[in-house]
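Naming: A, B, ... by sequence-line order, numbering from 1 per chain. Small disclaimer: the values here were computed from a predicted structure and weren't measured.
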Protein chains: 2
Amino acid sequence: MITIKEIAQRLNMSTTTVSNVIHGKAGEVSEETRRRVEEFLKEVDYVPNINARNLAQNESKIIGLALKARVDKYENLIMDPFVAELIGGIEETIRNAGYFMMLYISRDTEKIMRHVSTWNVDGLILFGMLDDDGIRVSTKYKKPIVCLDTYSMEGLKHFTNVGLDDEQGAYEMVKYIISCGHQRIAFLSDNTKGVDLARLNGYKRALKEAGIEYSEKDFLKIRPASAEIEESLDEICHRALDYTAIMCVSDLYAVTLMSALTDRGIRVPEGISIAGFDDNMLGSLYRPALTTVHQDVKQKGVVAAETLLKKIRGEETEAQITLPTRLVIRDTVTKPRKSSFMGRF
Amino acid sequence: MITIKEIAQRLNMSTTTVSNVIHGKAGEVSEETRRRVEEFLKEVDYVPNINARNLAQNESKIIGLALKARVDKYENLIMDPFVAELIGGIEETIRNAGYFMMLYISRDTEKIMRHVSTWNVDGLILFGMLDDDGIRVSTKYKKPIVCLDTYSMEGLKHFTNVGLDDEQGAYEMVKYIISCGHQRIAFLSDNTKGVDLARLNGYKRALKEAGIEYSEKDFLKIRPASAEIEESLDEICHRALDYTAIMCVSDLYAVTLMSALTDRGIRVPEGISIAGFDDNMLGSLYRPALTTVHQDVKQKGVVAAETLLKKIRGEETEAQITLPTRLVIRDTVTKPRKSSFMGRF
DNA sequence: TTGTACGCGTTATCAA
DNA sequence: TTGATAACGCGTACAA
């Protein structure tokens, strides 16, 4: 690890000159010395010490990606294909802009904020925040923040949220399901907050518009904890028989449900129609291929990172960026079974 | 961002005392002052500046995770469920040990090494390295390195490789397939290097042991680039009719193949048996559920991180750690179809 | 038990 | 065009 000081010594010049060459301050240095220094830099393969640089400049070139893990969901958040794709988009964008990504996963907002302060990160991307987390964060951290899929940041000024038109996406899918002739349509999710709530609302709007009444029992709650999921699926498959279609809040749940139904001898889509949301590998590789609502997750990551970089440069950004969805019609939603035919298939 | 200096001023003491309290050097400081300082630290929510600390100590508390992306495979490496799970295991282990993870993805080994030097990372975990990459790395970087699934690091001293008994896993699966009565068994992969080669060798060993001859054409090469995959699958499905079972190098390919076969009216396992390797979500959620070789990917990440931490502490570690595999028998491998029955199903 | 002073590698200011 | 020197925040040897 050669330092500027050493280089200056060996070349018989001052550190300032070397530093000037490194930073291409052309006006400040003669052509001759510039050449000499540059050659030497190549030769010894000089790499700047970023700690020293950051200390001197009070910046870090680090962008923090903090994932707030949910206690009940995945034991390993990153295994969610959604999260994985998101990270890919973010990392690529950050890297191309000359920044670096530091990943931090925690259930504890406090810990996340300590981490962020410690590293003096230049900007922060948050995923999985709910309710008052945002407020807690904004009092501690004064640099730019971009949130992903967060529905509770309205009042907060220097935040931007990058989200999806979840409500509209679900609305359009359920409208399509209804147009296929379905009247008894359930909604499957594991909670009714944030993104899930928005999708639920879209579902309700489509029902209402078609004059179909919604009641509490049309909400099928899945318990994702691995210990409970089988029991949970048992109950859901049983209740599913009262419906001809189920709108699932995610592709993962749609595929999980289809497998469970298949195991119990109920065929999709002949026995029941299933729709997903997200459009990931899980649904496109399954057979029958899943009818779902598409969102471009990588793009979401890219937009989030780009917006954050803008903020860091001091440019103005919108407070809310909403990406569109698109219906992907494949094979799991068809005409409903004859309504007299209520047994197993 | 309050500094030690400020704290010392406000408390009318020296920075050394404050620093001593922070580092719990109990013997060096009176109970009274310790209490006073600690209270004040809480009050102002002191967070150390890690750049200054690292600069002073010449360490970074950063562990680099460098993924060498392959040009032809995923446009977004992290979308590989394998990679995602791996990262989860690594991040968790590193975080619990008080280190931080910096993720860097590149196709260019040089770039990876520059990045690593810049940040002065205390240790490095490498994934996706092939052939001479290891040598290039070891000349540049003198701190501890752990490789994952790398088959070409034999000679290199301060490396440890964490791998899997790929050969044995494939061997056992193919042996099982043969025990079900199959004689015509193909192998599907996209290359014959590293991990893929080891699995191919296991397949060959099982064939040989059973007195089944292997010929070049039994290797079905899939081309994963999205533009070519359909064409590729067309050819593979056609050639698949010559076999009663196909050993796939990964769950992803197994599921991809099953979908393609289903689309062409060939049923699994009635028409053809399929086996995978990895045991991830893709295979367990598919119906029929995939018979596959299990590996604990998260554990692999944990072991890699733990080994690296050991190396950083100066402890001895083995040069090669090989994790075991386990057969997961589900529904996609059964008795072969009658051999006269060669058409579509 | 506490304080002074210096070094870590870099950038920035200002003088030569 | 170049060079001395201070500053960034922290840790630590050594002095008091």
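- Atom CZ in Arg34(B) sits roughly 12 Å away from atom P in dT1(C) (whole-Å rounding).
- Nearest-nucleotide positions on DNA chain D for Met13(A) and Ala52(B) put Met13(A) closer to the 5' end.
- For Glu315(B), the side-chain hydrogen bond (donor to acceptor under 3.5 Å, both in side chains) criterion is met by Arg313(B), not counting sequence neighbours.
- Side-chain contact check for Met13(A) versus Val37(A): some heavy-atom pair is nearer than 4.5 Å.
- Taking atom CG of residue Asn54(B) and atom P of nucleotide dC8(D), one finds them 19 Å apart after rounding to whole Å.
- Residue Ser30(A) places no side-chain atom within donor-acceptor reach of the base of dT2(D), judged by atom type and a 3.5 Å distance cut-off alone.
- Straight-line distance from the NZ atom of Lys5(A) to the C1' atom of dG7(C): 8 Å, rounded to whole Å.
- A side chain to side chain contact (heavy atoms under 4.5 Å, CB included) with Ile50(B) is found for one member of Asn54(A), Leu55(A), Thr118(A) and no other, namely Thr118(A).
- Using a 4.0 Å cut-off, no side-chain N or O of Gln57(A) falls inside it from OP1 or OP2 of dT10(C).
- Neither OP1 nor OP2 of dT2(D) sits under 4.0 Å from any side-chain N or O of Ser14(A).
- Residue Thr16(A) is classed as a base contact, given a heavy-atom separation below 4.0 Å to a base.
- Residue-level contact check: Ser19(B) touches the bases, meaning some heavy atom is under 4.0 Å from a base atom.
- For Arg53(B), a side-chain nitrogen or oxygen approaches OP1 or OP2 of dG11(D) to under 4.0 Å.
- Among the atoms of the strands shown, only primed sugar atoms or phosphate atoms (P, OP1, OP2) are found under 4.0 Å from some heavy atom of Asn49(B).
- Nearest to the side-chain atoms of Thr17(A) among the listed nucleotides dT2(D), dC10(D), dG9(C) stands dT2(D).
- Rounded to whole Å, the distance from CG on Leu55(A) to C1' on dG11(D) is 13 Å.
- Closest to the Ala56(B) side chain, of the nucleotides dC8(D), dT10(C), dC10(D), is dC10(D).
- Checked by atom type, the side-chain pair Ser14(A)/Thr17(A) shows a donor-acceptor distance below 3.5 Å.
- Rounding to whole angstrom units, CG of residue Asn58(B) and P of dC10(D) are separated by 18 Å.
- Applying the 4.0 Å criterion to OP1 and OP2 of dT10(C), one finds that Tyr46(A) has a side-chain N or O inside that range.
- Ile50(A) places its CD1 atom 15 Å from the C1' atom of dC8(D), with the value rounded to the nearest Å.
- Taking atom CD of residue Gln9(A) and atom C1' of nucleotide dG9(C), one finds them 13 Å apart after rounding to whole Å.
- Listed nucleotides: dG11(D), dT2(C), dT11(C). Nearest to the side chain of Thr15(A): dT11(C).
- Between His115(B) and Tyr104(B), the ring planes are parallel. Angles under 30° get that label, and only those over 60° would be called perpendicular.
- The distance from atom CG of Asn12(A) to atom P of dA4(D) is 11 Å, rounded to the nearest whole Å.
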